[in-house]
Amino acid sequence: MKTIQFNDDTPLPAIGQGTWYMGENPAQRAQEIAALQAGLDAGLKLIDTAEMYAEGGAEEVVGAALRGRRDQAWLVSKVYPWNAGEVDAIDACERSLRRLQTDYLDLYLLHWRGNVPLEETVRAMQTLQQQGKIRHWGVSNFDSDDLQELWSEAGGMGCATNQVLYHVASRGIEFDLLPLCQQHHTPVMAYCPLAQAGRLRQALFDDATLQQIAQQKGISIAQLLLSWVIRQPGVMAIPKAGSVAHVQENAAALNITLTSDELALLDRAFPPPQHKLALDVV
Ligand code: NDP
C-alpha cells in the first residue's frame, strides 16, 4: 500500500478523504457520514476539511462521523487567510475544534495566502502547537516563490505540507513546485485528483487513453486517476466521495501500480509541463 509521511509522524495511506461540498444539504448528511465512516473502515485515515466548507457545515459532518472513533482518523482543517493572524487563528482553530467535536487537529493549513504576514501566521501555528490544539501545520495553494519565502521566515521550515491542485490534466506543479517539495521532504497533498464534478471531469472519464488503460487493467477511471496521482513518492490524493461505493472504489486504488508503458501512454495523452506555469487553483 502506498503511504505518505508528515514530518516524523507515523506513515499514512496515500489516499485520504476530501469534504468540500459536504454539510451543504441536510438531506445528504446521513449519506456523507456513512461515506466518511466507510472510508475510515477502508483505511482512508486522513480526512481533509476546512472552516470554509459549508461555512463550518462540513466540519460538523466530520465531527459526527468521528464520534467515538476520533483516534482512528488523521484530521486536517484549514483557516481562512483573513483569520490567519496571531489572535484570530487561535479563535478560528477553537471554533473548528468545537464543530469537529475534538480537542486537537493533526494538521492545520493556511487555506491560501492572503494579506496577513506569513511570519504572523507561523507564530500563530506555533502557539497552537504549544497549546496542543494542532500537531502539525502547513499551507495550501502556495507556489514555489511563496514556499521559498515561507521557508526563509523564522520557524517557516516547520511547514509540514503544501496542498495544491493536481490531476492528470493539470500537471503544472511537476515543472518546479513538486521537485522543490520533494527536495525539502515536504509532502504534497493533491486536491481535485478527480478533476471535480464538471465538464473537465466528464472529458477525462470519456478520454480514449484513460478508458483503454482502465479497461485493460480492470480498474475504473477514478482508480486510474488516483493511482496516477500517488505514483510518485511524497504525493497523496484527497478525493471527495459522497457515497460508500465511491469511497471503497477509491480506497482500492491504494494498491494499484501503473506500469512504465501505461505511464508513457498517459504522458503522450497528457504531456508534462515544459516550462513554468502559474499554479492552478479552483
Ligand atoms: P475531486 O477531484 O475529489 O472530485 C470530487 C467528485 O468526484 C465528486 O463529484 C464525487 O462524486 C466524484 N467521485 C468521487 N469518487 C468517485 C469515484 N470513485 N467514481 C466516480 N466519481 C467519483 O474534487 P474536490 O474538489 O472535492 O477535491 C477533493 C478535496 O480536496 C476537497 O473535497 C477538499 O477537501 C480539498 N480541496 C482543497 C482545496 C484547497 O484550496 N486547499 C480546493 C479544492 C479541494 P460523489 O460525491 O458523488 O462521490
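Just so you know, ligand 1 is whichever comes first in the structure, and atom 1 is the first atom listed for that ligand.
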Next on the checklist: Angle between ring planes, Tyr166 versus Trp228, binned at 30° and 60°: parallel, tilted or perpendicular?
Outcome noted: tilted
### Flag, side chain of Ser227 to backbone of Ala253, donor-acceptor distance under 3.5 Å
no
Counting from 1 in the order shown, the ligand 1 atoms closer than 4.0 Å to a non-hydrogen atom of Ser140 are 39 (C), 40 (O), 41 (N)
For Gln216 and Ala214, indicate whether the former's side chain and the latter's backbone hold a donor-acceptor pair under 3.5 Å.
-> no
Checking heavy-atom distances from atom 30 (O) of ligand 1 to each of Tyr166, Phe205, Tyr191, the winner is Tyr191
So the atoms of ligand 1 within less than 4.0 Å of a heavy atom of Ile238 turn out to be 28 (C), 29 (C), 30 (O), 35 (C)
Heavy-atom proximity to atom 4 (O) of ligand 1, picking from Met22, His167, Met189, Gln196, points to Gln196
In terms of its nearest heavy atom to atom 12 (C) of ligand 1, the top option of Arg201, His246, His111 is Arg201
Per-atom filter on ligand 1: closer than 4.0 angstrom to a heavy atom of Tyr53 are 33 (C), 34 (O), 35 (C), 36 (N), 37 (C), 38 (C)
Kindly confirm or rule out an N or O of Cys192 lying under 3.5 angstrom from an N or O of ligand 1. yes
TODO: Might you confirm whether atom CD of Gln232 has over 12 heavy atoms from other residues, nucleotides or ligands at distances under 6.0 Å?
DONE: yes
To atom 5 (C) of ligand 1, the nearest of Glu32, Lys240, Gln248, Met52 on a heavy-atom basis is Lys240
Note: ligand 1 atoms sitting under 4.0 Å from heavy atoms of Val282 are 42 (C), 43 (C)
*Report the relative orientation of the aromatic rings in Tyr80 and Trp112; use parallel for angles under 30°, tilted for 30 to 60°, perpendicular for over 60°.*
perpendicular
N or O contact, Lys78 vs ligand 1, cut-off under 3.5 Å:
no
Any donor and acceptor pair, going by atom type alone, linking the side chain of Arg123 with main-chain N or O of Gln126 inside 3.5 Å?
no
- Query: Do any heavy atoms of Trp112 fall under 4.0 Å from ligand 1?
  - Reply: no
Counting from 1 in the order shown, the ligand 1 atoms closer than 4.0 Å to a non-hydrogen atom of Pro193 are 2 (O), 3 (O)
Per-atom filter on ligand 1: closer than 4.0 angstrom to a heavy atom of Ala241 are 14 (C), 15 (N), 46 (O), 48 (O)
Going by the 4.0 angstrom heavy-atom rule, the piece of Tyr21 near ligand 1 is neither
Counting from 1 in the order shown, the ligand 1 atoms closer than 4.0 Å to a non-hydrogen atom of Gly242 are 45 (P), 46 (O), 48 (O)
For this session: Evaluate whether atom CG of Asp71 has more than 12 neighbouring non-hydrogen atoms of other residues, nucleotides or ligands under 6.0 angstrom away.
Result: yes
Heavy-atom proximity to atom 13 (N) of ligand 1 ranks first, among Ile47, Val244, Leu194, for Leu194
Determine yes or no for a side-chain-to-main-chain donor-acceptor pair under 3.5 angstrom, with Gln223 supplying the side chain and Ser220 the backbone.
yes
So for Asn250 against ligand 1, with non-hydrogen atoms under 4.0 Å, the contacting part is side chain
Counting from 1 in the order shown, the ligand 1 atoms closer than 4.0 Å to a non-hydrogen atom of Ala222 are 17 (C), 18 (N), 19 (N)
### Query
Hey, is ligand 1 close enough to Ala197 that some N/O pair sits below 3.5 Å?
no
- prompt: Does an N or O anywhere in Gly18 fall below 3.5 Å from an N or O of ligand 1?
  reply: no
